[in-house]
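Lettering of chains follows the sequences in order, A, B, ..., and the numbering in each one begins at 1.
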Amino acid sequence: MRISLEDVWHVYSPGTAFETVALRGVSLSVEPGEVLGIVGGTGSGKSTLAAHLNLLLRPTSGRVLVDGRDALALRKSELRRRVGLVFQFPEQALFAPSVEEDVAFAPRQMGLGPEAVEERTAAALGVLGIAHLARRPTRALSGGEQRRAAIAGTLAMRPQVLVLDEPTAGLDPFSRRELLGVVRRLREEGTSVVLVSHDLDEVAEVSDRLCVMEGGAVRAEGTPEEVFYGELALAPTTVRVAARVRESAPGLGRPVSYDETLRSLRALIGG
Amino acid sequence: MGPNGGGKSTLVRLLNGLLVPDSGEVAVAGHDPVTEPFEVRKRTGVLFQNPENGLVAPFVEDDVAFGLENLGVPREEMRRRVAEAIRSVGLSGYERREPHTLSGGEKQRVALAGLLAVEPEVLLLDEPTSMLDAPGRREVLRRIGGLRRSKTVLHVTHHLEELLEADRVLVINGGRLVAEVEPGRLMADAALLEENRLVPPTVPRLAADLGLGSCRTPEDLAGAVLRRVWEGSGAEIR
Ligand SMILES: Nc1ncnc2c1ncn2[C@@H]1O[C@H](COP(=O)(O)OP(=O)(O)OP(=O)(O)O)[C@@H](O)[C@H]1O
Ligand SMILES: Nc1ncnc2c1ncn2[C@@H]1O[C@H](COP(=O)(O)OP(=O)(O)OP(=O)(O)O)[C@@H](O)[C@H]1O
Ligand SMILES: [Mg+2]
Ligand SMILES: [Mg+2]
């Protein structure tokens with residue numbers, strides 16, 4: 001499925017002293033089966049944008065389209081099921097007494113039979129590496145464990161579009177890598193993933209396309225290569241190294257991910 | 001540092017008396033956090049892993065003032081220190097905002113401002129930069145770097161690059177203290193990193209994978225790469 005935003009504005013607390021214009025005419029689309037990275041500084045509107053993808057927030061003006069149809073015309077429950085959103089603060093997502101029940105909640109809600117619910121729950125817990133925490137009360141988890149439980153809960157819905165808001169904040173480095181592996185696998189299976197993150201290094205690893213937010217507007221958009229090499233101030237560590245080397249060795253190419261960068265630097269040194 | 005569920009936040013909670021040890025003793029500046037909570041709390045400031053748990057007041061400015069109020073700081077001085085702390089985290093103009101309406105990084109900055117206003121003797125920071133963008137992260141690290149000359153800082157993080165200037169790194173895994181090392185040694189110890197689900201920062205990792213000596217910044221590494229290229233091609237080494 002394809003989600004597009006057309007000239008979306010979002011104003012919080014309109015007409016009050018706290019009125020905040022969080023989105024200023026954002027237009028973009030999430031294409032089927034792609035990983036779209038959304039980056040940008042603190043308060044630039046990333047979470048607000050993410051919450052529009054399943055209409056958890058409604059645009060103050062502008063439209064959200066799903067496969068060309070106005071998303072407001074879709075049943076809310078259906079939209080929420082097809083577009084799974086994992087919040088920036090995982091605690092907000094965990095409400096069932098145990099991890100297992102929490103992850104099983106959405107599949108059960110979808111009307112699946114007990115076997116299917118169990119199968120999906122076990123699969124999601126396994127993918128996130130928290131099968132051992134299945135029986136644990138959701139209030140008795142470490143920060144990183146909470147994050148993984150929250151992601152598992154959304155994954156169990158098997159959404160067509162998975163929106164992850166800062167999914168690696170609080171994860172240990174191996175878990176961060178494992179999660180990026182999960183994102184790649186989902187893409188291979190045809191799921192679109194929207195990855196909201198302030199960590200450029202990690203966005204560089206998996207994104208097909210990037211959208212850079214600033215002050216509630218899209219400041220730049222394109223492939224990671226275009227965006228990062230177009231504006232080095234936005235670039236992750238790998239690109240900063242490669243760009244510096246390119247000044248003296250323009251043959252290097254424009255690598256972005258860690259592995260690409262390592263490969264091209266090796267090739268340069270080797271020959 | 002250490003893997004998720006290793007016990008880092010539990011340690012922080014023991015140090016500030018939120019948890020009571022089943023056995024053993026905890027002392028902060030010589031005081032037991034359980035039997036002398038006031039002595040400990042007036043000397044320590046905590047940033048919780050989830051910044052939402054530290055935000056208690058209706059408005060940002062009250063939240064930042066909270067610690068100072070508890071210490072009985074005079075009004076005028078309090079006002080000055082609160083304004084300065086809010087400014088230093090880049091949130092001037094947010095004084096009358098309600099904390100729950102802030103973005104993730106803004107919440108973390110408010111929590112941090114509360115701590116900076118007080119400048120306690122002991123700072124317990126549980127992943128203080130997890131929601132910050134790169135400039136915010138750099139600024140916080142700079143502030144921590146400045147404070148540590150006169151304060152004790154316990155800084156929990158999953159990013160090894162944030163601890164390069166630390167005196168010591170404690171690695172906690174499975175509830176045990178498994179290592180106590182200098183950051184440079186930790187970074188060079190592949191087995192120790194691997195056992196504890198840690199990864200070195202990108203620049204030293206690339207340098208190691210390329211068989212180049214230790215490098216800190218992207219510029220260092222680019223320079224080392226180019227020197228190697230010039231050596232290989234037999235050209236003059238500049
Ligand atoms: N409920 C709300 N009421 C009023 N203003 C809000 C509300 N939620 C967010 N804002 C404001 O809208 C702007 C965008 O917030 P948003 O949460 O989308 O930022 P973000 O890019 O996700 O930032 P971060 O990286 O810090 O999470 C911020 O200035 C924030 O203060
Ligand atoms: N309230 C609780 N009741 C029972 N077990 C808990 C509770 N809080 C944490 N735990 C468990 O205690 C262990 C240590 O948790 P702690 O929060 O200290 O880990 P951490 O090192 O801070 O992890 P993270 O990096 O994920 O924040 C974990 O296995 C966790 O599941
Ligand atoms: Mg956000
Ligand atoms: Mg923790």
Side-chain angles (χ1 to χ4, degrees), chain A residues 12-13 17-18 20 22 39-48 88-92 133 141-148 165-166 168-177 198-201 236-249 252 258 261-262 265-266 268-271, chain B residues 1-10 49-53 90 96-98 101-109 126-127 130-137 158-160 193-194 196-203 205-206 209-212 217-219 221-223 225-226 228-230 232-233:
Chain A
Y12 286 109
S13 321
F18 308 126
T20 308
V39 297
T42 298
S44 60
K46 303 181 296 298
S47 297
T48 306
Q88 183 164 9
F89 290 102
E91 269 176 18
Q92 296 171 348
L133 298 173
L141 298 173
S142 80
E145 290 164 351
Q146 277 176 2
R147 169 90 49 203
R148 288 191 253 177
D165 195 351
E166 304 287 357
T168 65
L171 293 189
D172 65 53
F174 275 35
S175 302
R176 232 181 287 154
R177 274 192 195 169
H198 55 255
D199 187 335
L200 295 167
D201 286 24
T237 312
T238 48
V239 172
R240 290 189 0 241
V241 173
R244 191 62 182 249
V245 172
R246 276 167 58 84
E247 289 172 12
S248 305
L252 182 70
Y258 185 89
T261 308
L262 180 61
L265 290 175
R266 257 192 196 138
L268 182 74
I269 289 174
Chain B
M1 298 198 79
N4 290 135
K8 304 179 294 297
S9 299
T10 303
Q49 179 163 7
N50 180 347
E52 289 187 323
N53 295 343
R96 301 294 290 170
R97 281 280 296 274
E98 299 166 291
T101 70
L102 299 174
S103 81
E106 288 165 353
K107 283 176 184 158
Q108 201 157 41
R109 289 180 192 214
D126 198 351
E127 303 193 26
S130 60
M131 299 275 167
L132 298 183
D133 56 12
R137 186 171 282 212
H158 289 296
H159 298 272
L160 188 45
L193 290 170
E194 172 91 21
N196 295 289
R197 301 176 61 83
L198 298 171
V199 175
T202 304
V203 167
R205 198 174 139 216
L206 265 177
D209 283 348
L210 288 167
L212 300 168
T217 65
E219 291 72 30
L221 177 55
V225 167
L226 289 170
R228 184 61 64 84
V229 172
W230 288 320
S233 69

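Both the sub-6.0 Å distance and the 45° axial angle are not jointly satisfied by B/Arg97 relative to the ring of A/Phe18.
Chain A forms more heavy-atom pairs under 4.5 Å with one residue of B/Glu127, B/Arg96, B/Glu52, B/His159 than with any other, namely B/Glu52. Considering only heavy-atom pairs separated by less than 4.5 Å from chain A, the leading option among B/Asn50, B/Asn4, B/Asp133 is B/Asn4. Ranked by heavy-atom pairs under 4.5 Å with chain B, the list A/Arg147, A/Gln92, A/Arg246 is led by A/Gln92. Comparing B/Met131, B/Arg228, B/Lys107 by how many heavy-atom pairs each has under 4.5 Å with chain A, the most go to B/Met131. Between chain A and the options B/Leu102, B/Thr202, B/Leu226, B/Leu206, the largest number of non-hydrogen pairs under 4.5 Å is found for B/Leu206. Counting heavy-atom pairs closer than 4.5 Å to chain B, the top residue among A/Pro173, A/Ala243, A/Ala22 is A/Pro173. Counting heavy-atom pairs closer than 4.5 Å to chain A, the top-ranked of the candidates B/Leu198, B/Leu221, B/Asn53 is B/Leu198.
Interatomic distance, A/Glu166 CD to A/Phe89 CZ, rounded to the nearest 0.5 Å: 9.0 Å. The distance from atom CZ of A/Arg240 to atom CG of A/Asp201, rounded to the nearest 0.5 Å, is 8.0 Å.
Contacts of A/Ser13 with chain B are absent, with no heavy-atom separation under 4.5 Å from either backbone or side chain. Residue contact with chain B, scored on non-hydrogen atoms closer than 4.5 Å, involves the backbone and the side chain of A/Leu171 alike. The parts of B/Arg205 that come within reach of chain A are both its backbone and its side chain, each placing non-hydrogen atoms under 4.5 angstrom from that chain. With a threshold of 4.5 angstrom between heavy atoms, A/Ser175 approaches chain B through its backbone and through its side chain. In this structure, the portion of A/Asp199 lying under 4.5 Å from any heavy atom of chain B is its side chain and not its backbone.
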Residue pair A/Val245, A/Leu268: steps toward the side-chain contact (heavy atoms from CB on, under 4.5 Å) verdict: CA-CA 10 Å; A/Val245 172; A/Leu268 182 74; 3.6 Å; yes
side-chain hydrogen bond (donor to acceptor under 3.5 Å, both in side chains) between B/Asp209 and A/Tyr258, worked out: CA-CA 11 Å; B/Asp209 283 348; A/Tyr258 185 89; 2.7 Å; yes
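For the residue pair B/Glu106/A/Thr42, the side-chain donor-acceptor check at 3.5 Å is not satisfied.
Applying the salt bridge (Lys or Arg N to Asp or Glu O under 4.0 Å) test to A/Arg244 and every residue at least two apart in sequence or in another chain returns A/Glu247, B/Glu219.
Among all heavy-atom pairs drawn from B/Ser130 and B/Gln108, the shortest one is OG-NE2, 3.2 Å.
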